[in-house]
Each structure stands twice: as structure tokens, then as C-alpha cells.
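Chain letters run A, B, ... following the sequence lines, proteins first and then strands; every chain starts at 1. Not measured: the values here are computed from a predicted model.
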Amino acid sequence: MNIFATVKTRVDAAVAALVAEGKLPAGLDLERVAAEPPRDPLHGDVTTNAAMILAKPAGQAPKAIAELLIAKLKTDPTVTEANVAGPGFINLRLVPSTWFDVLRDVLQTGPSYGDGARRGEKINVEYVSANPTGPMHVGHARGAVVGDALARLLAKAGFDVTKEYYINDAGGQVDNVARALRMRYLQAIGRITEADFQAALERKEIQYGGDYLVPVAEALAKRDGDKWAGVNDDAVWIPALREFTVAWMMNLVKEDLAALGVQHDVFTSEKKLVDDGKVDGALKFLADADLTYTGVLEPPKGKMPDDWEPRPQLLFKATQFGDEVDRPVKKSSGAWTYFAGDIAYHKDKVDRGFVNLVNVWGADHGGYVKRVQAALKALTDGKGKLDVQLCQMVRVLNNGEPVKMSKRAGTFVTMRDLIDEVGKDVVRFIMLTRKNDAPLDFDYAKVTERSRENPVFYVQYAHARGRSVFRHAAEMFPGVDLSDKGLAAADLSLLADSDELQLLKMLAAWPRMVEGAALAHEPHRVAFYMYDLAAQFHGLWNKGNEAASLRFLQADNTSLSLARLALVRGVGVVIASGLAVFGVEPVEEMR
RNA sequence: GACCCCGUAGCUCAGCUGGAUAGAGCACCAGAUUCCUAAUCUGGGGGCCAUGGGUUCGAAUCCCGUCGGGGUCGCCA
């Protein structure tokens with residue numbers, strides 16, 4: 001039940017009725033007509049901009065249209081008041097039972113309160129997609145949480161969501177890991193020393209110096225003995241060691257993600273796309289559409305690479321689809337570029353029936369967005385929609401001091417460091433307290449602090465307080481049915497305090513919140529909603545400190561207590577429901 | 001040089017896809033505890049929404065310019 005959606009359909013019906021009566025012209029576009037909460041609650045319960053939106057196409061003054069609509073809307077028994085205000089807003093006040101019905105609905109529907117109804121609309125969310133070259137770091141953690149929460153949010157809004165991970169296991173980076181692994185391997189079988197390894201790192205012969213390759217090398221030595229020590233043909237040992245390390249690293253990645261509570265439905269391997277001929281197929285598709293050609297790119301502006309020289313390459317006509325320049329799909333060596341693989345990957349998604357795509361990337365990939373969107377347009381004749389959510393940097397701090405790096409990985413703070421330090425739920429929640437295109441400070445001290453400043457604590461505390469009330473209620477009212485079903489049967493009209501009603505109205509806004517955040521691909525909105533809801537709840541709680549008659553539990557008044565318990569429970573259900581979108585467990589108590 | 005993101009209270013940030021008098025927290029000031037968790041709550045001051053134009057009934061929000069911060073810029077992924 002979404003009362004704003006309900007009111008919107010009533011407004012639409014009122015317009016239709018006026019059209020039928022000839023008071024408004026036919027064929028009006030109602031797309032932009034909205035029913036929303038007014039900015040100032042004093043204005044009413046629901047406001048609609050219908051009169052202002054329709055004024056121009058109908059050729060009438062907003063206020064005149066508003067009067068017509070008000071006359072229609074007033075015939076609705078659930079509308080107690082309808083007024084025109086300001087430039088033409090129509091403010092509606094609804095019968096109080098509206099809010100009691102909402103609460104009853106929350107109690108009866110439980111965790112699925114707020115679920116949307118767009119069943120069957122498929123959407124693909126690709127996130128993390130980290131190179132299988134080592135442990136996950138903080139940046140990956142943010143992308144993982146944002147992508148996962150977005151997927152959960154879309155699912156709640158009613159989409160059929162597929163969560164996907166693209167494994168970049170075909171490029172030069174994984175070869176570089178194989179090279180580093182070989183050195184660690186030689187060390188593991190006693191052919192070189194740690195000093196030799198560090199020297200090679202110093203000479204930049206290898207790029208990956210982290211300790212995390214040591215156990216991989218040991219496992220390889222255990223399996224194959226000294227088999228690879230004498231093999232010097234790159235074409236032989238690189239693929240073998242690459243395969244070994246990719247498999248290992250993907251296990252590591254999956255373990256890290258599991259520790260964060262993130263699970264993907266589909267893993268797509270770049271190497272498999274290549275081996276299966278999907279890259280050839282995708283590029284043939286573009287070539288057949290005359291969207292590729294062999295040409296020479298202009299030299300890059302700004303910082304010039306040392307070894308730049310003009311060379312002919314196979315290019316994709318990205319400029320036809322809104323990109324700045326045409327983009328290379330083949331290196332001058334003739335090998336496919338990373339972009340070619342990505343074209344094939346996106347074609348693969350399209351071929352699997354996805355039109356709606358979301359990719360969550362790090363902000364350093366911002367320059368890559370247009371070309372992939374261009375490729376998708378080319379592949380789908382303009383029908384495919386790709387939204388790329390870029391995640392900005394995370395600065396890891398402790399009491400304001402930058403945390404430099406992990407002992408294990410060497411150069412960066414890992415996802416595991418974060419989880420070990422503050423726990424999975426805190427990591428997840430904090431990562432969602434900023435919009436993803438804004439930088440985020442993650443301060444170990446602040447995110448574990450027990451104060452209003454810390455949104456995780458503040459929201460969890462509200463939930464725990466609600467549970468505490470129920471523990472007391474069970475003692476105060478032995479034998480009384482305090483289940484959701486029992487509470488739904490309570491006389492909710494006893495909720496008469498203005499703050500109680502305000503809280504009910506916030507619960508009524510949850511379904512609209514879910515839909516808006518999902519369509520905008522902005523899970524962080526849920527964090528702010530939950531914070532506001534918690535603030536309202538803490539406020540009501542403390543009113544009981546000043547006036548004992550406002551406490552939730554009244555020993556001498558069971559029916560009033562039950563009505564208030566229903567409200568407390570409703571708040572708890574919605575908070576738990578919001579936390580579920582974040583993949584965070586609500587806490588029962590905070591001792 | 002080009003492209004992308006950002007610029008809102010002293011600080012950290014919201015602002016629901018163009019709506020009414022721009023909101024929270026921190027910090028500052030003044031209050032609340034025989035009471036279900038005061039780990040909380042109530043009240044107060046604080047703004048040229050970087051800046052200059054434009055679009056319209058109406059702009060923090062959309063478009064263009066300028067300034068400032070960050071990111072990216074053939075054969076890396």
C-alpha cells in the first residue's frame with residue numbers, strides 16, 4: 001500500500017472525469033503529475049502539482065484547474081480537506097484512519113512492506129569486477145556494498161535483478177601476477193632468496209610484491225614440485241601459472257565478498273569470452289554494421305606517452321554514438337584491447353535478454369563510461385540502457401589520522417582490514433551514508449562511536465529501543481497477544497499525539513522512498529530516511545520522559561499500550577526492512 | 001587542451017529528478033534524568049545554494065560562460 005500512489009490514481013481519475021465532462025481537453029499528458037508529501041507538513045498530508053502541470057496544455061489558469069479538481073477530489077470520502085495554495089498546489093488532508101490503515105498494513109505485511117510491483121522487468125547490476133590479482137581493498141568494498149545494496153533495493157522495488165561480476169582474466173595484469181608468482185614459486189622451492197625477490201621487485205621486473213602470493217606459490221610447489229623451475233618458454237609457463245593464480249585469487253575474492261555478505265549470481269570470464277569466440281563475434285557484428293575501420297588516432301592531449309608514434313589500428317566508430325573520439329578495439333600488435341572484451345561482454349548481457357544495465361565502477365574509470373555506452377547503443381540499435389554509477393575514493397582514518405596500509409597486502413588497506421576492525425554491518429552501512437559520487441571518509445573511531453553523530457549506531461539504537469519496549473511489555477502484560485497479528489487487531493485510533501501521527505506518516509512514506517531510490521539508483525537515500533525515522537522515534541521516546549502519559553507502556557491501560565506497541569513495532573519493521581536493503585542485521589539490544 | 005564528477009551554515013553532508021519560508025549532525029549557547037537504555041531528547045543563533053547570464057508561472061536542481069577542487073586522457077585493465 002502506497003498512499004501517494006493511491007492519491008495519484010485518484011487525481012488521474014479526477015482529470016479523466018473532467019475530460020469526459022468537456023471541462024478539460026483530451027489527450028493530456030499526466031506523466032509529470034505527482035502526488036507527494038508537502039515540504040511543510042502544515043500544508044497537509046499529500047500535495048499534487050496537477051493544476052500547474054496541466055495549466056499550459058489545457059490553456060487554463062492553474063487556480064481554475066485546481067478548483068475543478070478540488071470539487072472532484074472532495075467527493076472522495078477519504079479526503080477531508082482540499083485547498084489550493086501558492087502558485088497552484090492542491091493540498092489534501094486525509095481521514096486519520098488512512099494512517100491507522102497504513103500501520104495495520106505494515107504489521108500484516110511485515111518485511112515485505114514497501115515492496116514494489118514491477119514484476120518481471122529484468123535488470124542487470126554489474127559490480128566489483130576487480131582484477132583477480134590480489135586481495136580486495138577499500139575501494140572494492142565501497143563498490144561491492146553500493147552494488148549489492150542497489151541490487152537489493154531494485155529487487156525490493158520489484159525488479160528481476162541479476163547480480164554480476166566480470167572477471168578480467170585475459171589481459172596483461174594477470175600475466176604480471178603470473179610473473180610475480182613465478183618468483184615466489186622459485187623462492188618456495190629454494191632456488192632464490194627473499195633478497196633476490198626484493199631485488200627483482202626493485203628492478204621492476206615484477207609488479208606484485210605483496211605477501212599474499214607466498215601461500216599461492218607454496219600451494220603450487222606442493223602440487224607440481226619443481227616442475228616449472230626449468231621451463232623458460234613464456235608461452236608455456238605463463239598460461240599455466242596464470243590459470244593457477246586466477247583460480248586462487250577468485251577464491252580469495254569470493255571469500256572476501258562473502259565476509260561482506262556479498263554474493264553474485266553470475267561470474268563472467270573475459271578469457272572464456274575470448275576462447276568461445278564471443279569477442280570475434282561481437283566485433284564481426286560491429287564490422288557488419290560498418291561501425292569499425294582501420295585508422296590512426298590523433299596523439300593524446302596533455303601528458304604524452306614516451307613511446308607514442310602513429311600506428312594504424314582497428315577502431316570502433318564511437319563518435320557516432322556520442323563519444324569524443326573513435327576507440328581502439330585492437331592493439332597495433334593485433335591483439336584485442338580490453339575494450340573489445342568489454343564490447344563482447346555487454347553484447348553477451350544483451351543476448352541474455354537484458355536491456356537495463358547498471359555498472360558500478362571506481363571513479364578512475366570515469367573516462368571509460370561514454371565508450372561503453374556508445375558500444376551498447378551500437379549493439380542494441382539504441383535500445384539498451386546503461387547507467388554507470390561511479391564510486392569516489394574512500395579515505396580510511398583512525399581518529400582523523402590516515403590509515404596507510406595493511407600488513408598483508410603491502411600497499412593498501414584491504415577489505416578484510418575494514419571488516420576485522422569494525423565488523424561487516426558497520427562497513428556496509430557507512431559505505432551507504434554518502435552518495436557514491438562523493439568522496440567518503442571512513443574513520444574507525446567515528447563509525448564505532450555510540451552517539452547521534454554515528455548513523456549506524458543511531459539507527460540500530462532506535463531498533464534496539466523498540467525491542468526493549470517489547471521485553472518490558474511481555475512482563476507488564478502477561479498473556480496478552482503481542483504478536484504482529486495481535487497488534488494489528490488493536491484499536492489504532494488511540495494514537496492521537498501529533499508525534500505519533502508524524503511517525504505514522506513517515507511509515508507511510510517508505511514505499512515511495514523505496515521506489516524513488518530504486519529508480520534513481522541511489523541506495524544512500526535509504527540511509528537518510530532511516531536516520532530521520534530513528535530521530536523521530538527517539539524524539540517520541542523522550543516525550544515520555546517529560547510526560548509520563550506519553551510513554552508507550554501504560555500499566556493501567558492495555559488497549560492504549562497495544563496501540564502504541566503497534567506503532568513501535570511498525571517502526572521496527574520498517575527499520576529492519578531498510579537495513580535488509582543494506583544487508584545489515586538489526587540488533588535486539590545494545591548492551 | 002578535452003572530457004567526467006564536485007562546489008549548499010564555521011566543519012561534515014542531505015535536498016525525494018523544476019515547486020511553497022533551503023534542511024540535518026558536529027561545534028557554540030540555554031535546558032531536560034525519582035521514567036520502557038540520558039548511548040537520548042527540547043529550544044536558540046548561524047545561508048548572495050562558488051560566480052555571471054539564460055530557459056519559465058517557478059531554479060540549489062535544467063542550459064551556456066567564468067572561477068576553484070578531484071579524476072581521466074592511443075596499443076593499461
**Asked** What distance, rounded to whole Å, do you find between the two P atoms, one in B:rA20 and one in B:rA59?
**Response** 10 Å

**Prompt:** Rounding to the closest angstrom, what is the interatomic distance between B:rA50 and B:rG10 at atom P?
**Reply:** 13 Å

Contact list (N/O, under 3.5 angstrom) for nucleotides 11-13 of chain B vs protein:
from, atom 1, to, atom 2, distance (Å)
B:rU12, O2', A:R434, NH2, 2.9

**Request:** Sticking with atom C1', work out how far B:rG43 lies from B:rC63, rounded to a whole angstrom.
**Result:** 43 Å

**Spacing of the C1' atoms in B:rC5 and B:rG52 (rounded, Å)** = 22 Å

**Asked** With rounding to whole Å, what would you report as the distance between B:rA32 and B:rA14 at their C1' atoms?
**Response** 28 Å

**Request:** Please determine, by modelled atom types, if A:N49 and A:T47 share a side-chain donor-acceptor pair under 3.5 angstrom.
**Result:** no

**Asked** Ring centroid separation for A:Y529 and A:F582, is it under 6.0 angstrom?
**Response** no

**Message:** Less than 3.5 Å apart, any donor N or O on the side chain of A:Q173 or A:Y208 sitting next to an acceptor on the other?
**Reply:** yes

**Closest approach of A:I123 to A:H521 (non-hydrogen atoms, all atoms of both residues)** = CD1-NE2, 4.2 Å

**Asked** Can you tell me how far P in B:rC16 sits from the matching atom in B:rC6, rounded to whole Å?
**Response** 13 Å

**Message:** Rounding to an integer number of Å, can you tell me how far A:Q536 CD sits from B:rU40 C1'?
**Reply:** 14 Å

**Integer angstrom distance from the P of B:rC11 to that of B:rU51** = 15 Å

Set out, line by line, the N/O atom pairs under 3.5 Å between protein and nucleotides 57-65 of chain B.
from, atom 1, to, atom 2, distance (Å)
B:rC57, OP1, A:K56, NZ, 3.1

**Item:** Dot-bracket pairing map - RNA chain B, Watson-Crick plus G-U, both contacts under 3.5 Å, | cross-strand
**Value:** (((((((..((((.....[...)))).(((((.......))))).....(((((..]....))))))))))))....

**Prompt:** Within a radius of less than 6.0 Å around NZ of A:K446, do more than 12 heavy atoms belonging to other residues, nucleotides or ligands occur?
**Reply:** no

**B:rU61 versus B:rC41 - spacing of their C1' atoms, nearest Å** = 34 Å

